2 protein chains.
Amino acid sequence: MQVSTQVRAAQGDQMAGDVVHLEDLLDDGRLSAACPTRVVLDHVTSKWGVLLLLALSEGSQRWSELRRTVEGISEKMLAQTLRTLEVDGLVERTVAATIPPRVDYSLTPLGRELVAHLLPLMGWISANAEEMLAGRA
Amino acid sequence: MQVSTQVRAAQGDQMAGDVVHLEDLLDDGRLSAACPTRVVLDHVTSKWGVLLLLALSEGSQRWSELRRTVEGISEKMLAQTLRTLEVDGLVERTVAATIPPRVDYSLTPLGRELVAHLLPLMGWISANAEEMLAGRA
DNA sequence: CAGCATCCCGTACGATACTG
DNA sequence: CAGTATCGTACGGGATGCTG
């Protein structure tokens with residue numbers, strides 16, 4: 001899945017007018033299976049990915065803080081998800097060599113860009129969730 | 001996870017200035033486990049949810065078209081995902097009682113609102129995916 | 001405190017076959 | 001064409017226990 005330079009141009013440090021169309025995301029008219037976008041999408045939309053990114057949206061948090069903020073996450077998934085987000089360059093890990101050890105997690109500039117797009121989405125979902133689950137359309 | 005009326009106000013038919021902060025999404029300082037938002041989020045961010053919504057973003061598509069557009073999806077998951085999206089009121093199913101049968105899927109107004117938030121996100125991911133997977137943080 | 005390692009299970013998902 | 005039904009499996013993910 002390639003993306004037109006047009007779209008790339010629309011994504012500056014700030015969120016621009018953001019008129020993105022499906023065609024820009026299509027590869028040969030399809031949502032191609034073998035494209036990096038799918039992989040990243042899977043990371044971000046993994047069960048805990050969005051939640052963690054959100055939790056970090058307002059500043060760095062420690063391991064234990066994240067555990068509490070993101071209710072229900074297990075240590076295993078916390079570690080695992082944080083690592084993939086770190087490898088993807090969305091989250092930064094800062095270790096303080098003290099005793100007891102202290103580790104802080106924060107968003108990278110890239111991560112902050114992503115979250116900027118995530119927040120409106122989450123806001124909308126949050127605002128409409130109850131209505132959606134209430135029943136029929 | 002309740003949402004402040006403030007956020008709700010920010011989400012009209014059109015996308016507004018969209019300044020959403022984490023606090024607006026928090027319940028008692030946490031990303032609460034037992035909230036409708038989590039459920040909807042799981043539906044939308046399910047493996048095929050985003051892809052299907054995107055595929056429908058530019059107009060209705062038939063069952064078979066969707067299969068082709070969303071590369072790699074199985075019939076089972078196509079049916080399953082479409083049904084949960086339909087129940088959530090995001091997708092509408094239109095059956096033409098002809099032979100052979102013809103079924104069209106399209107976004108509801110609600111679905112179109114959601115996709116409006118999804119497109120910029122996908123645009124960004126698409127634009128940055130390769131870079132992210134390329135390597136280092 | 002901040003984590004790996006291990007075990008184990010549920011279910012999400014895919015492949016295949018059949019139907020209106 | 002547009003699905004359901006059935007089956008089997010891989011992997012996501014939780015529980016527990018150990019380490020620097």
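Keep in mind that what you see is a predicted model, and the values were worked out from it rather than measured. Each chain gets a letter, A, B and so on, in the order its sequence line appears, and its residues count up from 1.
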Nucleic acid contacts of residues 54-68 of chain A, taken as heavy-atom distances under 4.0 Å to DNA chain D: none

C:dC4 OP1/OP2 closer than 4.0 Å to side-chain N/O of A:R83: yes

Protein proximity profile, nucleotides 6-20 of chain D - base contact B, sugar-phosphate-only contact S, no contact -, cut-off 4.0 Å on heavy atoms: -B-----BBB-B--B

side-chain contact (heavy atoms from CB on, under 4.5 Å) partners of B:T84, counting only residues at least two apart: none

Spacing between A:R93 atom CZ and C:dC1 atom P, to the nearest angstrom: 16 Å

Pairs under 3.5 angstrom only: tabulate donor-acceptor contacts from the side chains of residues 90-101 of chain A to other protein residues two or more places apart or in another chain.
unit_1: A:R93; atom_1: NH1; unit_2: A:Y105; atom_2: OH; d: 3.4
unit_1: A:T98; atom_1: OG1; unit_2: A:P100; atom_2: O; d: 2.8

Bending between helix ends of the helix from C:dC1-D:dG20 to C:dG20-D:dC1 [5 pairs per end, 10° resolution]: 50°

Which residues share a side chain to side chain donor-acceptor pair (under 3.5 Å) with B:R68, sequence neighbours left out: none

Sidechain-backbone polar pair: B:S126 side chain, A:L25 backbone, donor-acceptor under 3.5 Å: no

Whole angstrom value for the distance that separates C1' of C:dT11 from NE2 of B:H43: 14 Å

Side chain to side chain donor-acceptor pair (under 3.5 Å) partners of B:E65, counting only residues at least two apart: none

Partners passing side chain to side chain donor-acceptor pair (under 3.5 Å) against A:Q80 (at least two apart in sequence or in another chain): none

May I have the list of side-chain donor-acceptor pairs in residues 43-51 of chain A shorter than 3.5 Å, sequence neighbours left out?
unit_1: A:H43; atom_1: ND1; unit_2: A:D88; atom_2: OD1; d: 3.4
unit_1: A:H43; atom_1: ND1; unit_2: A:D88; atom_2: OD2; d: 2.5
unit_1: A:T45; atom_1: OG1; unit_2: A:L41; atom_2: O; d: 2.6
unit_1: A:S46; atom_1: OG; unit_2: A:H43; atom_2: O; d: 2.9
unit_1: A:S46; atom_1: OG; unit_2: A:G49; atom_2: N; d: 3.2

Could you go through residues 52-64 of chain A and list every donor-acceptor pair under 3.5 Å that involves a side-chain atom there, pairing it with any protein atom two or more places apart or in another chain?
unit_1: A:S57; atom_1: OG; unit_2: A:L54; atom_2: O; d: 2.6
unit_1: A:E58; atom_1: OE2; unit_2: B:H21; atom_2: ND1; d: 3.2
unit_1: A:Q61; atom_1: NE2; unit_2: A:T69; atom_2: OG1; d: 2.9

A:R112: salt bridge (charged side-chain N to carboxylate O under 4.0 Å, His left out) partners, not counting sequence neighbours: none

With sequence neighbours excluded, residues passing salt bridge (charged side-chain N to carboxylate O under 4.0 Å, His left out) with B:R83: none

